[in-house]
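To start, the structure under review is shown below, and the notes come after it.
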Amino acid sequence: MKGSNKATVLTLAEKCKNILVSNWQGYLNTIKTDAQGSKENIYTSKVKYIIRKGNPLIWVPEHELHNVNTIIDERGSFSVASPYPGPLGKLLKSMNKFPVRVALTGDVVPVKDKKAESAANYIKEIMLSEEKALKEFSYTVSGVLSSSNHFSTTRSENLKELIDGGEKYVIYKFNLSSCMFVDGNGGTHEVDFEDMEKCKASLLAPYSAKLIDGINQSEARRRGLILFCFIYLNVNARDAYMLSLDRKGFDVLGKVRSKVTGDEIDEYQWKQFRITFKDEARDIESFCQQLVEMEEDALKKVSSYSGLG
């Protein structure tokens, strides 16, 4: 489904912002320091975070070595991947393919008292707003989300332990100094820092994991993706999964026949395709509405091709 003459893909800065807002956990790296103060290795652990005013706020458990490392040296790096829930994760691993991700460098600065309390209240606000939104979504949106795993794909569910859990945390602000976009093949692309500061994440981003999983966990919706490949891209796919989405469209992994010659046996490989929207999807409602309309359109066209329409 082709759109207007506007660009059909996002800028690198927009992709990075969307990834940061769509996830809630990443890998923090700080410089490991021994008793003599010498700097040798890097300490890495998975931590939870939120984005506030463009910067990650990171919750580090009190027992983590990061809390000692950052006293000596505030420099750190932070890596966040695009969410790849459910069957998508297994598929990417089988292909030895990495999810696209953002690699940030900067200073890891502790958030003091009142600001830490404000950060905790901000998480509560996020949780309440997302839980309210999930209850109030239209029938169309609920239909797309219904197959997803609620706990593993909902940001508010995954942030609950930071507020309700028994563990104590130290909150840090990650002050960015550079940003890299890492593609699915491991290639790195430097992102203009001013672009990162100016652009805003899509309203779709907080729900992208749930949308992707809801589509990929539904056999009917995956058949829809196969139809999209055929109708809109003229590609015959045996199977398909949604890989990523944004306001301009979505990326699909389609299982297509590889080129064979002579007596070679037909083989299939997973290949990435881009499908663009007719109109930009500004929010989750318009995304789901366009998806459903495309499914209905594709079914009509297939019926007419078959002489059934």
Legend entry - Polar side chain donor-acceptor pair, Tyr232 to Asp297, under 3.5 angstrom: yes

Inset, instruction - Decide if the gap between the ring center of Phe287 and the ring center of Tyr207 is smaller than 6.0 angstrom. - result: no

Legend entry - Aromatic ring proximity, centroids under 6.0 angstrom, Tyr49 and Tyr172: no

Legend entry - Donor-acceptor pair between Thr30 and Asn69 side chains, under 3.5 angstrom: yes

Inset, instruction - Using salt bridge (Lys or Arg N to Asp or Glu O under 4.0 Å) as the criterion, list what pairs up with Asp239, not counting sequence neighbours. - result: Arg222

Inset, instruction - Ignoring hydrogens and angles, state whether a donor on the side chain of Gln289 or Ser286 is under 3.5 Å from an acceptor on the partner side chain. - result: no

Legend entry - Residue among Arg247, Lys200, Lys248 satisfying salt bridge (Lys or Arg N to Asp or Glu O under 4.0 Å) with Glu14: Arg247

Legend entry - Parallel, tilted or perpendicular: ring planes of Phe277 versus Phe250, cut at 30 and 60 degrees: perpendicular

Inset, instruction - Scan for salt bridge (charged side-chain N to carboxylate O under 4.0 Å, His left out) pairs involving residues 45-66, sequence neighbours excluded, and state none if there are none. - result: Lys48-Glu161

Inset, instruction - Taking only Lys NZ, Arg NE, NH1 and NH2, and the carboxylate oxygens of Asp or Glu, determine whether Asp246 and Arg274 approach each other closer than 4.0 Å. - result: yes

Inset, instruction - Look at Glu267 together with Arg257 and state whether they make a salt bridge at an N to O cut-off of under 4.0 Å. - result: no

Legend entry - Ion pair check, Glu280 and Arg282, cut-off under 4.0 Å: yes

